[in-house]
Visitor: 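Sharing a structure below in structure tokens format, with a few things to ask.
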Amino acid sequence: MGVVIIDGSTVRDFVNDEARFKKSVDETFSKLDLNNDGVLSRSELRKAFETLRLIETHFGVDVATQPEELSNLYDSIFDKFDCDRSGTVDLEEYRSELKMILLAIADGLGSSPIQMALEDDDQGFIKQAADLEASKLHQQPSSAGP
């Protein structure tokens, strides 16, 4: 497990790096599109959000959540992603909604740095944002004097 220090600018910079953000979202979409039909079904998107365990924990402690409550949550998430109400989520809809979610996270974080524990094999968007910031720090020339 690793620890990263991030703030809103970390996430915002990742989203604003259009090439990197697009590549990351496209790769994630491709992994979620289990039947390779170019769109995400309700069940494909639900699988992705189930891994986040949005309301099944309270400060790291598992809590019992009624199946109906979970279904309502995942249905409302799907409806938000399905902008054209086609019954599926295409890549543009997915990218657009993820961008809005990540920018909302950035706004919520503000400018105060926080420490966040991440699994070593985590390749989520927050980890990628932290990695982008770290790569920028390593590229800066040293300002050490003579």
Side-chain angles (χ1 to χ4, degrees), residues 1-140:
M1 180 160 305
V3 175
V4 296
I5 299 174
I6 63 170
D7 66 4
S9 67
T10 306
V11 177
R12 196 170 288 104
D13 288 349
F14 172 69
V15 172
N16 290 335
D17 185 333
E18 290 186 27
R20 189 174 297 226
F21 178 72
K22 183 180 184 303
K23 180 179 185 285
S24 177
V25 171
D26 291 0
E27 288 172 357
T28 304
F29 184 91
S30 182
K31 290 176 189 171
L32 297 176
D33 185 13
L34 299 176
N35 61 0
N36 297 315
D37 63 353
V39 293
L40 300 180
S41 66
R42 191 172 294 271
S43 64
E44 287 170 327
L45 191 60
R46 180 177 176 149
K47 259 188 206 317
F49 280 98
E50 282 178 341
T51 64
L52 299 176
R53 302 184 70 206
L54 297 172
I55 59 174
E56 297 176 73
T57 60
H58 180 70
F59 295 107
V61 177
D62 287 341
V63 295
T65 306
Q66 297 297 321
E68 183 178 315
E69 185 179 357
L70 286 174
S71 288
N72 289 339
L73 172 68
Y74 295 128
D75 285 345
S76 70
I77 291 170
F78 182 84
D79 291 341
K80 182 73 174 153
F81 273 79
D82 184 15
C83 301
D84 63 4
R85 303 292 178 242
S86 65
T88 60
V89 176
D90 64 35
L91 179 57
E92 285 303 317
E93 290 171 316
Y94 183 73
R95 188 181 300 126
S96 172
E97 288 302 311
L98 277 179
K99 183 175 188 174
M100 288 184 359
I101 289 169
L102 288 171
L103 290 174
I105 289 170
D107 288 345
L109 289 172
S111 60
S112 298
I114 64 164
Q115 289 184 353
M116 182 178 244
L118 300 172
E119 297 293 330
D120 290 332
D121 61 348
D122 187 343
Q123 285 305 308
F125 297 114
I126 300 296
K127 173 74 164 68
Q128 291 180 49
D131 289 347
L132 174 61
E133 183 167 286
S135 73
K136 288 179 180 179
L137 292 174
H138 291 297
Q139 292 174 0
Q140 292 178 352

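This chain uses plain numbering: 1 for the first residue, then up along the sequence.
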Visitor: Determine whether Val39 and Asp33 make a side-chain contact, defined as any pair of heavy atoms from C-beta on separated by less than 4.5 Å.
Guide: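 In short, these two side chains do not touch, never coming nearer than 4.5 Å.
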Visitor: Would you say Phe125 and Val15 make side-chain contact, with heavy atoms under 4.5 Å?
Guide: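 Phe125 vs Val15: side chains apart.
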Visitor: Does Asp17 offer a backbone N or O that forms a donor-acceptor pair with the side chain of Asp13 under 3.5 Å?
Guide: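 No: the side chain of Asp13 does not pair with the backbone of Asp17.
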Visitor: Tell me, do Cys83 and Glu97 make a side-chain contact under 4.5 Å, heavy atoms counted?
Guide: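 With C-beta onward as the side chain, the pair touches.
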Visitor: Taking the side chain from Asp131 and the backbone from Ala134, do they hold a donor-acceptor pair closer than 3.5 Å?
Guide: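 No.
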Visitor: What's the spacing between Tyr74 OH and Ser43 OG if we round to 0.5 Å?
Guide: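 These two atoms lie 13.5 Å from each other.
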Visitor: Where do Leu73 and Ser76 come nearest, in terms of heavy atoms and distance?
Guide: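 Residues Leu73 and Ser76, closest heavy atoms: O-OG, 2.8 Å.
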Visitor: When rounded to the nearest 0.5 angstrom, what is the spacing between CG in Leu109 and OG in Ser9?
Guide: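 Leu109 atom CG to Ser9 atom OG measures 9.5 Å (nearest 0.5 Å).
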Visitor: Establish, from distance only, whether the side-chain atoms of Asp7 and Thr10 form a donor-acceptor pair under 3.5 Å.
Guide: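 Looking only at side-chain atoms, Thr10 and Asp7 do form a donor-acceptor pair, the distance falling under 3.5 Å.
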Visitor: With a 3.5 Å distance limit and no angle check, can you tell me whether Glu133 reaches the backbone of Ala130 through a side-chain donor-acceptor pair?
Guide: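 No; zero donor-acceptor contacts below 3.5 Å.
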Visitor: Look only at the side chain of Asp82 and the backbone of Val89, and say whether a donor-acceptor pair between them is shorter than 3.5 Å.
Guide: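 It does not hold such a pair.
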Visitor: Any side-chain heavy atom of Tyr94 within less than 4.5 Å of one from Leu45?
Guide: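 Yes, their side chains come closer than 4.5 Å.
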Visitor: Among Ile5, Val3, Val4, whose side-chain contact (heavy atoms from CB on, under 4.5 Å) with Met116 holds?
Guide: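 It is Val4, the one option of Ile5, Val3, Val4 that forms the side-chain contact (heavy atoms from CB on, under 4.5 Å) with Met116.
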Visitor: CD1/Ile6 to CD1/Ile105 distance, rounded to the nearest 0.5 angstrom?
Guide: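 These two atoms lie 8.5 Å from each other.
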Visitor: Could you tell me if the side chain of Asp75 sits less than 4.5 Å from the side chain of Arg42, heavy atoms only?
Guide: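 In contact.
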Visitor: In plain terms, say whether Lys23 and Glu27 are close enough for a salt bridge, that is, a side-chain N and a carboxylate O under 4.0 Å apart.
Guide: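 Between Glu27 and Lys23 there is a salt bridge, with a charged N closer than 4.0 Å to a carboxylate O.
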Visitor: Under 4.5 Å between any side-chain heavy atoms of Asn35 and Glu44, yes or no?
Guide: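 The answer is yes; the side chains approach within 4.5 Å.
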Visitor: Does the side chain of Asp90 reach to within under 4.5 Å of the side chain of Glu93, using non-hydrogen atoms?
Guide: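 Yes, at least one pair of side-chain atoms sits under 4.5 Å.
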Visitor: Under 3.5 Å, is there a donor-acceptor pair between the side chain of Asn16 and the main chain of Arg12?
Guide: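 Checking the backbone N and O of Arg12 against the side chain of Asn16, a donor-acceptor pair under 3.5 Å is found.
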Visitor: Measure up the Phe21 and Phe14 rings against each other and bin them: parallel (under 30°), tilted (30 to 60°), perpendicular (over 60°).
Guide: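 Answer is perpendicular, since the angle exceeds 60°.
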Visitor: Looking at Asp79 and Arg85, is there a salt bridge between them, counting it only when a charged N and a carboxylate O are closer than 4.0 Å?
Guide: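 No.
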Visitor: Short question: side chain of Thr28, backbone of Ser24 - any donor-acceptor pair under 3.5 Å?
Guide: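 Yes, because the side chain of Thr28 sits within donor-acceptor range (under 3.5 Å) of the backbone of Ser24.
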